[in-house]
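Everything below concerns the one structure shown next.
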Amino acid sequence: MTATLLRTAADLHARARTGRRAVVMTMGALHEGHATLIRAARKIAGPEGEVVVTVFVNPLQFGAGEDLDRYPRTLDADVELAGKAGADAVFAPSVDEVYPGGEPQVRISAGPMGERLEGSSRPGHFDGMLTVVAKLLHLTRPDVALYGQKDAQQLALIRRMVRDLNFGVEIVGVPTVREEDGLALSSRNRYLSPAERRTALALSQALFAGRDRHAAQEALRARAREVPASRARAEALSAIGESRAAADAHAVATTAGGPAAIRAAARLVLDEAARLDPPLRLDYLALVDPSDFTDIGDGFTGEAVLAVAARVGATRLIDNIPLTFGTFGDAS
């Protein structure tokens with residue numbers, strides 16, 4: 001399948017629409033993670049619908065000292081990959097097309113959620129991101145827009161903007177795509193030297209360590225519910241060889257665990273990576289509620305996000321995984 005390259009909104013609006021339009025927004029330098037988004041969009045749009053991929057490196061979301069100038073521009077390869085993945089069109093507008101007359105004076109504010117984690121590390125980033133997403137939603141006029149869950153805070157803010165400002169579009173999140181060794185796919189991975197890439201694996205390894213700790217806690221809580229506090233029951237368990245299970249369950253029920261233990265398990269991996277050559281320089285590690293990106297505490301139930309950001313050499317990387325608390329009962 002060959003994707004048509006479009007440079008202006010007028011050209012995009014001139015296209016006949018016969019079904020649902022699904023849009024995938026990117027900054028280019030497309031990789032398999034983007035291809036997964038495009039394939040998901042193709043499935044949603046169906047054979048009668050249309051998939052549009054936007055390619056635009058948005059200057060509003062790059063702060064001082066960030067990599068706007070060196071951000072990879074690979075439009076020819078992007079159009080080819082998009083077409084092979086199922087896109088009908090690639091909309092690659094110029095800066096003047098998106099921001100006629102210069103940077104906009106009126107912008108979208110990300111609010112308090114946009115000041116946390118990524119927003120704290122990159123002031124103004126989410127205001128610029130939401131502004132361009134709002135403009136591209138208006139310019140492309142989709143029925144549905146798809147975004148990767150790797151950028152979890154971005155996805156949460158887009159969902160909040162669409163809900164709070166009554167955009168008539170469905171937002172779909174697509175799971176993170178990883179390389180075989182666990183590293184989350186990112187356009188910035190190409191900046192890493194072989195040694196830096198080895199260090200960068202600590203991001204996903206830390207998340208997996210936190211995930212494993214969480215799974216163990218949830219399983220032991222389920223076991224704890226099967227072990228009543230009565231002495232007779234404990235003696236009965238011991239008699240049939242389940243004393244260790246009873247002890248483990250009791251320990252989980254009565255000692256510190258929960259979110260703090262999950263963060264600690266992940267932090268241990270990151271601390272070790274800080275001693276590598278080259279070292280990993282941690283920006284943040286957080287376990288948050290995806291509705292507002294505030295830290296979760298003991299007693300939390302529901303969906304959560306374990307997120308990390310760090311620098312390896314001159315490259316800043318982010319990653320996250322979703323966790324569910326209360327799978328086997330109340331979490332603590």
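Numbering of residues begins at 1 and proceeds along the displayed sequence.
- Screening residues 268-277 for side chain to side chain donor-acceptor pair (under 3.5 Å), with sequence neighbours left out, gives Arg267-Asp271.
- Contact of the Val55 side chain with the Met27 side chain is not registered, since no non-hydrogen atoms from C-beta on lie closer than 4.5 Å.
- Proximity of a side-chain donor or acceptor of Thr315 to a complementary backbone N or O of Leu192 within less than 3.5 Å is not detected.
- For the pair Arg21 and Thr140, the tightest heavy-atom approach, listed with the atom from each and the gap, is NH1-O, 2.7 Å.
- Residues Asp143 and Arg17 are paired through a salt bridge, judged by an N-O separation under 4.0 Å between the basic side chain and the carboxylate.
- Applying the salt bridge (Lys or Arg N to Asp or Glu O under 4.0 Å) rule to Arg141 yields no partners; only residues at least two apart in sequence or on another chain are considered.
- Side-chain atoms of Leu146 and Ile171, non-hydrogen and from C-beta on, never get closer than 4.5 Å to each other.
- A donor-acceptor contact shorter than 3.5 Å links the side chain of Thr26 to the backbone of Thr54.
- Here the side chains of Ile318 and Asp151 are in contact, with some heavy-atom distance below 4.5 Å.
- For Asp289, the salt bridge (Lys or Arg N to Asp or Glu O under 4.0 Å) test picks out no residue, with sequence neighbours left out.
- Salt bridge annotation for Asp292-Arg160: absent, with no cationic side-chain nitrogen under 4.0 angstrom from a carboxylate oxygen.
- Among all heavy-atom pairs drawn from Pro279 and Thr199, the shortest one is C-CG2, 3.9 Å.
- If you look at Phe62 and His125, their ring centroids are not closer than 6.0 Å.
- For Glu32, the salt bridge (Lys or Arg N to Asp or Glu O under 4.0 Å) partners two or more places apart in sequence, or in a different chain, are Arg39.
- Shortest non-hydrogen contact noted between Ile262 and Phe325 is CD1-CZ, 3.5 Å.
- Between Val174 and Thr36, some side-chain heavy-atom pair lies under the 4.5 Å cut-off.
- Salt bridge present: Asp283 and Arg316 bring a charged side-chain N and a carboxylate O closer than 4.0 Å.
- Using modelled atom types, one side-chain atom of Arg190 and one backbone atom of Ser187 make a donor-acceptor pair closer than 3.5 Å.
- Residues Val23 and Val53 are not in side-chain contact: their nearest non-hydrogen atoms beyond the backbone lie 4.5 Å or more apart.
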### Message
Please evaluate residues Val98 and Val132 with respect to the criterion side-chain contact (heavy atoms from CB on, under 4.5 Å), reporting the C-alpha separation (whole Å), side-chain torsions for both, the decisive distance (0.1 Å), and the verdict.
### Response
CA-CA 8 Å; Val98 178; Val132 79; 4.3 Å; yes

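- Considering only residues two or more places apart in sequence or on other chains, His31 meets the ring-ring contact (aromatic ring centres under 6.0 Å, His included) condition with His34.
- Of all non-hydrogen atoms in Ala184 and Thr176, the two that sit nearest each other are CB-CG2, 3.9 Å.
- Applying the salt bridge (charged side-chain N to carboxylate O under 4.0 Å, His left out) test to every pair with at least one member in residues 126-137, sequence neighbours left out, gives no pairs at all.
- The cluster map of Ile, Leu, Val, Met, Phe, Trp and Tyr, joined by side-chain heavy atoms under 4.5 Å apart, puts Leu285 and Leu280 in the same cluster.
- Closest of all the heavy-atom pairs between Ile44 and Arg20 is CG2-NH1, 3.5 Å.
- A 4.5 Å side-chain heavy-atom check between Val305 and Leu287 finds every atom pair outside the cut-off.
- Listed for the Glu97 side chain is a donor-acceptor partner under 3.5 Å among the backbone atoms of Ala9.
- Under the 3.5 Å distance criterion, the side-chain polar atoms of Gln153 are matched with a main-chain donor or acceptor of Met113.
- When all heavy atoms are compared, the tightest approach of Leu37 to Gly148 is CD2-N, 3.8 Å.
- Between Asp88 and Arg15 there is no salt bridge, since none of the side-chain N atoms of the basic residue sits less than 4.0 Å from a carboxylate O of the acidic one.
- Judged by distance alone, the side chains of Tyr191 and Glu196 never bring a donor and an acceptor atom under 3.5 Å apart.
- Judged by distance alone, with hydrogens and angles left aside, the side-chain atoms of His214 form a donor-acceptor pair with the main-chain N or O of Thr324 at under 3.5 Å.
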